[in-house]
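Note that the structure is a prediction, hence the values are computed from the model and not measured. Each residue takes its place number in the sequence, starting with 1.
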Amino acid sequence: ETDTTAVVIASVVPPVMYTLINAIRKYLFVQPVIAGRDADIGIENCYANPREVGADRLVNAVSAVRKYGKPLIIVDIGTATTFDAIDENGAYQGGAIFPGLKVAMGALFLKASKLPRVDIERPKNAIGKTTVQSMQSGAVRGYVGALTGIITDIQKELGGKARVVATGGMGRMMAEYCDLIDDVDPNLTLEGLRLIYENNREAFENRKLDMNNSVIEVTEEGAWQENK
């Protein structure tokens, strides 16, 4: 028996959900709450098809609006880089998705046989004197240029007054090079999940399981259900 009484998940990787949910049930004896399915995330979603938006993007939005106000641009810099636009009324308007820097560099290494793997850092000079420096300069400066361009265009569409918050594994590094980023918040998603818990307490009631009740099944559509 554990002291854990509530678990909330926001995932955009359906293949891991069966294993993740079973592990939580087996070791914590709790039926987890899935954000957006079992509990309201708590933000107006203006996407053409609201179900297409990754739960992590909406969770970030809930957290960022609470901490930084509105309007907002959230830049989550990780495997993919997502840009999320929150209007002056606090509604999620949509955004942009761009390949992550590590993904782009990995593709360059795999597709260009003579180019080596390199660490991601910005050389002092834009003109590289070695292959490694040239790749680093192009990668980091090119990425900052993409960030700047996309943020600028979203700012115009939001009226030009949005605060820009970066998160994700490379958020702090890119913020050092991109002057348009106002704040870096690596815990945005976790704090958003906490807010969902606080705002949906009723959804978390009676989630403790009997120690022998830990088998679930997963459908192809990703809908997780307890075995009857």
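Looking at L101 and M174, their side chains come closer than 4.5 Å, going by heavy atoms from C-beta outward. Side-chain contact between R66 and E191 is absent, with no heavy atoms from C-beta onward closer than 4.5 Å. Using a 4.5 Å cut-off on side-chain heavy atoms (C-beta onward), D185 and N187 make contact. Residues D40 and N199 form no side-chain contact, since every pair of their non-hydrogen atoms from C-beta on lies 4.5 Å or further apart. In this structure, the side chains of R37 and I9 stay at 4.5 Å or more apart for every pair of heavy atoms. L147 has its side chain within reach of T81: a pair of non-hydrogen atoms, C-beta onward, lies under 4.5 Å apart. Residues I151 and V75 meet the side-chain proximity criterion, which asks for heavy atoms closer than 4.5 Å. Looking only at side-chain heavy atoms (C-beta outward), I34 and I21 come within less than 4.5 Å of each other.
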- Task: Evaluate the criterion salt bridge (Lys or Arg N to Asp or Glu O under 4.0 Å) for residue pair E176 and R172; output intermediate values, then yes/no.
- Result: CA-CA 7 Å; E176 294 178 6; R172 191 170 300 282; over 6 Å; no
- Task: Tell me, with the steps shown, if S11 and L20 meet side-chain contact (heavy atoms from CB on, under 4.5 Å).
- Result: CA-CA 10 Å; S11 173; L20 179 60; 5.5 Å; no
- Walk me through it: do I97 and R57 pass the test side-chain contact (heavy atoms from CB on, under 4.5 Å)? CA-CA 11 Å; I97 302 174; R57 299 173 72 180; 3.6 Å; yes
- Stepwise side-chain contact (heavy atoms from CB on, under 4.5 Å) check, T79 with K102: CA-CA 7 Å; T79 304; K102 290 183 179 180; over 6 Å; no
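Less than 6.0 angstrom separates the ring centroid of Y197 from the ring centroid of F204. Proximity of the aromatic rings of F98 and Y143 is defined here by a centroid distance below 6.0 angstrom, and this criterion is met.
Exactly one of V165, I43, L158, I73 qualifies for a side chain to side chain contact (heavy atoms under 4.5 Å, CB included) with I86. That residue is I43.
Using a distance-only test at 3.5 Å, with no hydrogens or angles considered, a donor-acceptor pair links the side chain of S137 to the main chain of A126. Not one N or O on the side chain of R122 forms a donor-acceptor pair closer than 3.5 Å with the backbone of Y177. Side chain of S63 to main chain of L188: a donor-acceptor pair is present (N/O by atom type, distance under 3.5 Å, no hydrogens or angles). In this structure, the side chain of S134 engages the main chain of T130 through a donor-acceptor pair within 3.5 Å. A donor-acceptor contact shorter than 3.5 Å links the side chain of D182 to the backbone of V164. Not one N or O on the side chain of R25 forms a donor-acceptor pair closer than 3.5 Å with the backbone of Q31. In this structure, K208 contributes its side chain and T4 its backbone to a donor-acceptor pair below 3.5 Å. A donor-acceptor contact shorter than 3.5 Å is absent between the side chain of N125 and the backbone of I127.
Atom CZ of residue R201 and atom CD1 of residue I196 lie 13.5 Å apart, to the nearest 0.5 angstrom. One finds the CG atom of L190 at 11.0 Å from the CG atom of L195 (value rounded to the nearest 0.5 Å). Considering CD1 of I150 and CG of L180, their distance stands at 12.0 Å, rounded to 0.5 Å. Residue I74 holds its CD1 atom at 10.5 Å from CD1 of I154, rounded to the nearest 0.5 Å. The structure places CG of L58 at 11.0 Å from OG1 of T189, a figure rounded to the nearest 0.5 Å. The line from CE of M135 to CD1 of I120 is 10.0 Å long, rounded to the nearest 0.5 Å.
Listed here is the closest heavy atom pair of Q133 and K129: OE1-N, 2.9 Å. Across every non-hydrogen atom of A39 and V33, the tightest pair is CB-CG1, 3.7 Å. The nearest pair of heavy atoms linking V59 to A10 is CG2-CB, 3.9 Å. Residues I181 and A166 come closest through the heavy atom pair CG2-CB, 3.7 Å. The heavy-atom pair separating P32 from R207 by the smallest distance is O-NH2, 3.0 Å.
For the 3.5 Å distance criterion, the side chains of N60 and D76 qualify, holding a donor opposite an acceptor. With 3.5 Å as the limit, one finds no donor-acceptor pair spanning the side chains of D87 and Y92.
Linking Ile, Leu, Val, Met, Phe, Trp and Tyr residues whenever their side-chain heavy atoms come within less than 4.5 Å leaves V65 and V184 in two separate clusters. Side-chain heavy atoms closer than 4.5 Å link hydrophobic residues (I, L, V, M, F, W, Y) into clusters, and following such links, even through other members, never connects M17 to V12. V30 and L193 are members of different hydrophobic clusters when ILVMFWY side chains are connected at heavy-atom separations under 4.5 Å.
Environment of CG in N49: crowded, with over 12 heavy atoms of neighbouring residues, nucleotides or ligands closer than 6.0 Å. Residue E121 qualifies as enclosed at atom CD: its count of foreign heavy atoms under 6.0 Å is above 12. The environment of Y47 atom OH is dense: over 12 non-hydrogen atoms of other residues, nucleotides or ligands sit within 6.0 angstrom. When the shell of 6.0 Å around CZ of R141 is examined, it contains more than 12 heavy atoms from other residues, nucleotides or ligands.
Pairs passing the side-chain hydrogen bond (donor to acceptor under 3.5 Å, both in side chains) check and including a residue from residues 146-163, sequence neighbours excluded, read R163-D183.
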